[in-house]
**Student:** 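Can you read through this structure? Questions will come right after.
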Amino acid sequence: MYETHFGLKESPFSLTPDTDYYFSYADHQEALNVLLVALRMGEGFLKITGEVGTGKTLICRKLLNTLSDEGMVTAYIPNPYLTPSALRYSLAEELGVEYPMNIGGHRALQLIYNRLITLKAEGRQVILLLDEAQALPEETLEAIRLLTNLETEKSKLLQVVLFGQPELDEHLERPSVRQLKQRITFSHAIHALNPEGCRGYIQHRTRVAGHQGNTLFNDKALEWLYRGSRGIPRLINILAHKSMLAAYGEGKGRVDKVHVRRAIDDTEGAALRHNSLVRFWQSLFGRQALATMRGRG
């Protein structure tokens with residue numbers, strides 16, 4: 001809608017995890033580096049956690065692309081809320097294993113093992129990536145642990161990377177899955193962007209989308225975007241998109257804080273930080289009136 005108006009070739013703030021827009025923010029790049037180094041070393045179990053909207057899926061997609069470029073075999077399961085049998089069937093399909101519809105779980109596991117042995121003989125690593133891993137049922141977590149028991153005398157046949165929300169750590173604290181937790185050799189928690197990271201993120205995405213010249217968002221707009229999003233990339237995308245729509249509707253060539261404020265008011269989950277609210281009420285009633293209201297509370 002507004003791409004031509006702002007000199008863009010495409011919308012820069014789509015919620016689709018497009019690796020062309022991957023922003024190498026220090027925290028996210030560290031997570032990716034940890035994964036790549038550990039996988040190249042042959043480590044069996046790895047874990048990445050982060051709050052909703054912090055960019056786990058995009059890191060996962062970036063990792064998939066990098067591993068494929070290096071010739072590794074990857075199996076990606078985006079929705080792991082599966083029974084143990086369904087997980088094995090999904091893994092078999094990802095690895096190109098053909099099996100009859102009425103095959104039992106033990107036979108499916110044997111076919112997976114045979115395929116892993118073949119790939120190992122070809123000198124290829126096999127890596128299973130599970131997104132939204134906090135949704136894994138306990139019995140499926142155990143099935144994954146058993147899959148990592150598949151090995152030769154010298155190395156694992158399958159490496160596993162779990163991507164999940166912080167609830168995944170809570171699940172792994174249960175005594176019933178302690179064996180799996182003990183096998184996690186590397187883990188990393190990703191966080192929201194800081195103000196500088198938020199600014200760089202927005203500038204990066206608009207440049208990739210084709211914008212040339214100064215940033216489309218003035219300094220105040222960038223400040224309010226950070227406040228409203230709390231540095232969460234998904235919220236930044238939503239607020240930035242709506243802000244650009246508001247500016248476009250007024251025929252403006254840049255986004256101002258007024259446009260961002262409209263976006264914040266229109267978005268579930270977006271909120272101003274406490275100090276911003278204090279300044280807002282102070283502007284309406286003055287410092288003394290605010291102090292009086294607090295005293296009455």
Side-chain angles (χ1 to χ4, degrees), residues 17 31 34-35 38-39 42-61 63-64 67 72-117 119-120 125-151 155-190:
V34 165
L35 290 172
L39 290 171
E43 299 293 343
F45 243 114
L46 312 171
K47 173 174 65 72
I48 298 292
T49 55
E51 284 288 353
V52 175
T54 50
K56 300 182 298 297
T57 298
L58 186 55
I59 293 174
C60 181
R61 296 283 180 86
L63 177 65
L64 277 168
L67 295 175
M72 299 184 189
V73 177
T74 58
Y76 174 56
I77 299 179
N79 179 19
Y81 190 69
L82 302 169
T83 65
S85 294
L87 175 74
R88 286 190 286 267
Y89 299 148
S90 295
L91 176 58
E93 291 174 0
E94 285 288 300
L95 296 178
V97 175
E98 296 183 1
Y99 57 89
M101 293 298 295
N102 60 347
I103 191 173
H106 178 75
R107 177 58 180 157
L109 185 61
Q110 184 62 48
L111 291 176
I112 291 170
Y113 177 73
N114 292 342
R115 177 61 174 158
L116 292 174
I117 286 290
L119 291 169
K120 188 68 176 179
Q125 286 179 258
V126 182
I127 299 158
L128 170 62
L129 298 97
L130 293 151
D131 206 356
E132 301 295 343
Q134 77 282 347
L136 283 163
E138 188 170 321
E139 61 271 20
T140 307
L141 280 170
E142 175 61 13
I144 293 170
R145 184 187 70 83
L146 294 175
L147 281 172
T148 61
N149 284 342
L150 302 177
E151 57 188 358
S155 62
K156 296 286 185 183
L157 292 175
L158 181 68
Q159 296 168 270
V160 177
V161 185
L162 303 176
F163 291 85
Q165 297 170 21
E167 291 84 353
L168 175 60
D169 289 326
E170 297 175 13
H171 296 337
L172 294 175
E173 289 297 327
R174 291 178 296 196
S176 55
V177 293
R178 63 187 182 278
Q179 291 189 65
L180 185 149
K181 182 182 178 181
Q182 290 172 355
R183 295 191 179 194
I184 297 174
T185 52
F186 285 87
S187 62
H188 186 88
I190 60 175

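Because the structure is a prediction, the values reported are computed rather than measured.
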**Student:** Please determine whether side-chain contact (heavy atoms from CB on, under 4.5 Å) holds for the pair Thr74 and Leu64, giving the CA-CA distance in whole Å, both sets of side-chain angles, and the decisive distance to 0.1 Å.
**Tutor:** CA-CA 7 Å; Thr74 58; Leu64 277 168; 3.5 Å; yes
**Student:** For Glu173, check salt bridge (charged side-chain N to carboxylate O under 4.0 Å, His left out) against everything at least two apart and list the hits.
**Tutor:**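 Here the qualifying residues are Lys181.
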**Student:** If you round to the nearest 0.5 Å, how far is CG of Leu150 from OG1 of Thr148?
**Tutor:**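 Interatomic distance, Thr148 OG1 to Leu150 CG, rounded to 0.5 Å: 8.0 Å.
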**Student:** Looking only at atom types and distance, does a side-chain atom of Lys56 sit under 3.5 Å from a main-chain N or O of Gly50, one as donor and one as acceptor?
**Tutor:**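 The answer is yes, because a donor-acceptor pair under 3.5 Å joins these two groups.
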**Student:** Would you say Glu94 and Leu129 make side-chain contact, with heavy atoms under 4.5 Å?
**Tutor:**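 They are not in contact (no side-chain heavy atoms under 4.5 Å apart), so the answer is no.
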**Student:** Taking the side chain as C-beta and beyond, is there a heavy-atom pair between Arg88 and Ile112 under 4.5 Å?
**Tutor:**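 The answer is yes, as the side chains (C-beta and beyond) meet within the 4.5 Å cut-off.
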**Student:** Do Leu91 and Val97 come within less than 4.5 Å of each other through their side chains, counting heavy atoms only?
**Tutor:**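 No - every pair of side-chain heavy atoms lies 4.5 Å or more apart.
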**Student:** Give the C-alpha distance, both sets of side-chain angles, the deciding distance and a yes or no for side-chain contact (heavy atoms from CB on, under 4.5 Å) between Tyr89 and Leu82.
**Tutor:** CA-CA 10 Å; Tyr89 299 148; Leu82 302 169; over 6 Å; no
**Student:** Compare every heavy atom of Pro80 with every heavy atom of Pro137, then report the nearest pair and how far apart it is.
**Tutor:**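 So the two residues come closest at CD-O, 3.9 Å.
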**Student:** Determine the minimum heavy-atom distance between Glu51 and Pro166, stating which atoms define it.
**Tutor:**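 Heavy-atom minimum between the residues: OE2-CG, 3.6 Å.
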**Student:** If you define the side chain from C-beta out and look only at heavy atoms, does anything of Val161 sit under 4.5 Å from Leu130?
**Tutor:**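 Contact flag for Val161/Leu130 side chains = no.
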**Student:** Is any side-chain heavy atom of Leu128 less than 4.5 Å from a side-chain heavy atom of Ile77?
**Tutor:**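 Sidechains of Ile77 and Leu128: in contact.
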**Student:** Please examine the side chains of Leu141 and Arg174, heavy atoms only from C-beta on, and report whether any two atoms are closer than 4.5 Å.
**Tutor:**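 Yes - at least one pair of side-chain heavy atoms lies under 4.5 Å apart.
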**Student:** With rounding to the nearest 0.5 angstrom, report the CG to CZ distance, Leu180 to Phe45.
**Tutor:**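 So the gap between those two atoms works out to 4.0 Å.
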**Student:** Minimum heavy-atom separation for Gln125 to Leu39, with atom names?
**Tutor:**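 Looking at all heavy atoms of both residues, the shortest contact is NE2-O, 2.8 Å.
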**Student:** Could you tell me if the side chain of Arg145 sits less than 4.5 Å from the side chain of Val177, heavy atoms only?
**Tutor:**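 Of all side-chain heavy-atom pairs linking Arg145 with Val177, none is under 4.5 Å.
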**Student:** Find the distance between CG (Leu168) and CZ (Phe163) and round it off to the nearest 0.5 Å.
**Tutor:**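 Reported value, rounded in 0.5 Å steps: 11.5 Å.
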**Student:** Would you please test Ile48 and Val34 for side-chain contact (heavy atoms from CB on, under 4.5 Å) and show each step?
**Tutor:** CA-CA 10 Å; Ile48 298 292; Val34 165; 5.6 Å; no
**Student:** Using the rule given for side-chain contact (heavy atoms from CB on, under 4.5 Å), can you reason through Gln134 versus Glu170, listing the C-alpha separation, both sets of side-chain angles and the distance that settles it, and then say yes or no?
**Tutor:** CA-CA 9 Å; Gln134 77 282 347; Glu170 297 175 13; over 6 Å; no
**Student:** Please name the pair of heavy atoms, one in Leu158 and one in Leu147, separated by the smallest distance, quoted to 0.1 Å.
**Tutor:**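 Smallest interatomic distance, heavy atoms only, reads CD2-CB, 4.0 Å.
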**Student:** Would you compute the distance between atom CG of Leu46 and atom NE2 of His188 and round it to the nearest 0.5 angstrom?
**Tutor:**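 Atom-to-atom, Leu46:CG and His188:NE2 are 12.5 Å apart.
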**Student:** In Å, rounded to the nearest 0.5 Å, how long is the span from NE2 of His171 to CG of Leu136?
**Tutor:**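 Nearest 0.5 Å value for the NE2-CG distance: 8.5 Å.
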**Student:** Could you tell me the separation between the CG atom of Leu58 and the CG atom of Leu63, rounded to the nearest 0.5 Å?
**Tutor:**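 Reported value, rounded in 0.5 Å steps: 11.5 Å.
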**Student:** Less than 4.5 Å apart, side chain to side chain, heavy atoms only: is that true for Lys156 and Glu43?
**Tutor:**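 A side-chain contact is absent here, since even the closest heavy-atom pair is not under 4.5 Å.
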